[in-house]
J.: 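Mind having a look at this structure? Questions to follow.
Chain identifiers are assigned alphabetically (A, B, ...) following the order of the sequence lines, protein sequences preceding nucleic acid strands; residue numbering begins at 1 within each chain.
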Number of protein chains: 2
Amino acid sequence: MTPDALPLPTRCAHCGLRASGAFHQLAASELGFIEDLRSASERVPAGHVLIREQVDGGRLYTLYAGWAFRYKTLSDGRRQILNFLLPGDFFGLQQRFSEGATYGVEALTEASVCVFQGNRLWELYRAHPRLGYDLTWLCAREEQMLDENLLTTGRRSALERVAVLLIHLFKRLQRLGLVAEDNSCAFPLTQQHMADALGLSLVHTHRTLRRLQALGLHSLEDGRLVLRNPHALTQLADYAAQPMEQLPLL
Amino acid sequence: MTPDALPLPTRCAHCGLRASGAFHQLAASELGFIEDLRSASERVPAGHVLIREQVDGGRLYTLYAGWAFRYKTLSDGRRQILNFLLPGDFFGLQQRFSEGATYGVEALTEASVCVFQGNRLWELYRAHPRLGYDLTWLCAREEQMLDENLLTTGRRSALERVAVLLIHLFKRLQRLGLVAEDNSCAFPLTQQHMADALGLSLVHTHRTLRRLQALGLHSLEDGRLVLRNPHALTQLADYAAQPMEQLPLL
DNA sequence: CGAATGGTTGACGTATGTCAATGTATGTGG
DNA sequence: CCACATACATTGACATACGTCAACCATTCG
């Protein structure tokens, strides 16, 4: 069941992600610093917990390949998925600024990550202000996504919520060049993941998904998502697309 | 109806906020840079819109006195308040990294702000890495708050939501030294603000508020909030308090 | 073969939303 | 000083979107 091998991190100068063209170019000295900052690269199976809530590893990560998600749980087990992580996404920063991780991170699919030494973060700002600037950018960007998710769970109907989720992930994959010619993309989320991300119950998520499908707006089978009518979907969700610019990458 | 005057920004070296002890100390050179970066200070009435959705002013702000909030709206008028801003909070950063503000900011009470030149942001990172580091910290901190709000709107019941809102604002005010001996603090939100922040309807927010009050957990009258039983409230909300450390301040 | 995982469906309960009216301050212009 | 408007809190009656419970099915895997 592994037709294509999971991409693994290489030396930063030959980084496969950077080669995709979706990210900013960096100077050689900056690349060198990043490579030196990187303490390891890891390959983890689906379901693996990279950051455990309450526990502070202090490590920083860039997701290199695969999918993951950030989440929080209440003491009785209710779970909220905060956002999904795609290749190039940076995480672990918040724990540097507080004691104990305030959220968990779990691999959604088999995934590979670059691991950085969190205790040298300050050195990064001093030695390479450009990278510090990029980090802030990434942080602000993630905050934008959270703003959108908050609007979604707080004010959108179930139908709108599901629509937003589909479009948003689709757009993000598109930016990474991971959408095929026929408007299809990989989609490894279970309905439980969607429910936890949208603040809905599993059953209602399922029904809403089928309702959307019946409207001919998308199809979702065999782990692949196809947007049959992106425009109508965007309209229904009242979704504001973000420009497709290059992003920073650590 | 203005018994006490609204504090106004002064020269950074004599900043009243910094004098409160709630924030990090900075070196003289850093203070000088900030003062130079500041293009103005403004005083605005309650209800004034500091950042309008979709419109990009490109300016950066620190709230100096009073309350404000960030929000997003859907095209049919539904509004979600993303988070509340208290003195010392920095905002406007996200618009530097995207075209057009993706959220609005409105003054909740009469307020005063420091305004900074957004186009010199990169210079800040180069000349004063420490300030860049602080900015990232502030950004990560706000993201933590959004994570919490997302958990709240996504997975907490109405009673829990209201409880979290009260505790959280109380704790933040406490950090700023704005809570009186008798566990009371200013509380200028209308029920509509609370509803929009919590993803509830106005009517249900009102009923939930009264239910909490009937349980003897708080009282709320004449613009002041009193926590009658902080412990029980925290328990009910399943709220994880953040440590009371000093924060960065730009 | 049985266990586990994820999807599907129906019946039913309820937390929350909607509508609409009333009350109470506070402000304002004549 | 009155007439009126506005903002916000309050309350009751009623509607519904969504949650819960409990099955059953399909696929995969050991």
Side-chain angles (χ1 to χ4, degrees), chain A residues 1-3 45-48 67 74 76-81 106-110 152-163 165 186-214 218-225 236, chain B residues 1-3 45-48 74 76-81 106-110 152-163 165 187-214 218-225 236:
Chain A
M1 191 49 69
T2 49
H48 182 82
W67 294 42
L74 291 170
D76 66 356
R78 280 173 286 176
R79 178 176 76 168
Q80 175 68 33
I81 290 183
E106 179 178 324
L108 186 70
T109 65
E110 185 182 26
T152 297
T153 59
R155 288 302 183 210
R156 280 194 245 246
S157 71
L159 199 65
E160 294 167 329
R161 292 186 208 199
V162 173
L165 178 68
F187 200 83
L189 311 203
T190 66
Q191 294 180 352
Q192 184 67 63
H193 288 125
M194 299 192 228
D196 285 348
L198 298 175
L200 296 171
S201 71
L202 172 61
V203 174
H204 199 64
T205 300
H206 170 252
R207 293 194 163 115
T208 307
L209 215 37
R210 302 232 82 208
R211 189 144 65 97
L212 255 194
Q213 202 154 9
H218 81 284
S219 76
L220 187 45
E221 42 188 79
D222 206 23
R224 287 197 78 78
L225 165 70
L236 179 117
Chain B
M1 192 48 70
T2 49
H48 181 81
L74 291 171
D76 66 356
R78 280 173 288 177
R79 178 175 77 168
Q80 175 68 33
I81 290 182
E106 179 178 325
L108 186 69
T109 67
E110 184 181 26
T152 296
T153 59
R155 287 302 183 211
R156 281 194 244 246
S157 71
L159 199 65
E160 293 166 331
R161 293 186 207 199
V162 173
L165 178 68
F187 200 82
L189 311 202
T190 66
Q191 293 179 355
Q192 184 67 65
H193 289 125
M194 298 192 229
D196 285 349
L198 298 175
L200 296 172
S201 71
L202 172 61
V203 174
H204 199 64
T205 301
H206 171 252
R207 293 196 161 114
T208 308
L209 215 36
R210 303 232 82 208
R211 189 145 63 98
L212 255 193
Q213 201 153 8
H218 81 284
S219 76
L220 187 47
E221 41 188 82
D222 206 24
R224 287 198 77 78
L225 166 69
L236 176 104

J.: Can you tell me how far P of dT16(D) sits from CG of Leu200(B), to the nearest Å?
T.: 20 Å
J.: Between the opening five pairs and the closing five pairs of the helix from dC1(C)-dG30(D) to dG30(C)-dC1(D), how far apart are the helix axes, to 10°?
T.: 40°
J.: What are the two closest non-hydrogen atoms of Glu160(B) and Arg156(B), and how far apart are they?
T.: OE1-CA, 3.3 Å
J.: Enumerate, atom names and distances included, each donor-acceptor pair closer than 3.5 Å involving a side-chain atom of residues 192-204 of chain A, sequence neighbours excluded.
T.:
unit_1: Gln192(A); atom_1: NE2; unit_2: Asp196(A); atom_2: OD1; d: 3.2
unit_1: His193(A); atom_1: ND1; unit_2: Thr190(A); atom_2: N; d: 3.1
unit_1: His193(A); atom_1: ND1; unit_2: Thr190(A); atom_2: OG1; d: 3.0
unit_1: Asp196(A); atom_1: OD1; unit_2: Arg155(B); atom_2: NH2; d: 2.8
unit_1: Asp196(A); atom_1: OD2; unit_2: Arg79(A); atom_2: NE; d: 2.8
unit_1: Asp196(A); atom_1: OD2; unit_2: Arg79(A); atom_2: NH2; d: 2.9
unit_1: Ser201(A); atom_1: OG; unit_2: His204(A); atom_2: N; d: 3.2

J.: Need one value for Gly199(A): base, sugar-phosphate or nothing, where a base atom within 4.0 Å counts as base even if backbone is also close, heavy atoms only.
T.: sugar-phosphate
J.: Round to a whole Å and report the spacing from CG of Leu209(B) to P of dT16(C).
T.: 14 Å
J.: Given atom CZ of Arg156(A) and atom P of dA17(D), what is their separation to the nearest angstrom?
T.: 19 Å
J.: Can you list the residues that meet the side-chain contact (heavy atoms from CB on, under 4.5 Å) rule with Asp76(B), with sequence neighbours excluded?
T.: Leu74(B), Arg78(B)
J.: Can you list everything that forms a side-chain contact (heavy atoms from CB on, under 4.5 Å) with Leu225(B)? Sequence neighbours excluded, please.
T.: Leu166(B), Cys185(B), Phe187(B), His218(B), Leu220(B), Leu227(B)
J.: To the nearest angstrom, how far is Arg211(B) atom CZ from dT11(D) atom P?
T.: 15 Å
J.: Rounding to a whole Å, what distance do you find between Asp222(B):CG and dA9(D):P?
T.: 12 Å
J.: Between dT16(D) atom C1' and Leu159(A) atom CG, what is the distance in whole Å?
T.: 15 Å
J.: What is the distance from CZ of Phe187(B) to P of dA9(D), rounded to the nearest Å?
T.: 11 Å
J.: Taking only residues two or more places apart in sequence or in another chain, which ones pass side chain to side chain donor-acceptor pair (under 3.5 Å) with Thr208(B)?
T.: none
J.: Which value, rounded to the nearest 0.5 Å, describes the distance between Ser219(A) atom OG and Leu212(A) atom CG?
T.: 11.5 Å
J.: What pairs with Arg211(A) under side chain to side chain donor-acceptor pair (under 3.5 Å), at least two apart in sequence or on another chain?
T.: none
J.: Applying side chain to side chain donor-acceptor pair (under 3.5 Å), name anything that partners Thr153(B), two or more places apart in sequence or on another chain.
T.: Thr153(A)
J.: Please encode protein proximity along nucleotides 4-15 of chain C as a string of B, S and -, counting only heavy-atom distances under 4.0 Å.
T.: --SSSBBB----
J.: Looking at Ala107(B) and Pro45(B), what are the two nearest heavy atoms and their distance?
T.: CB-O, 3.7 Å
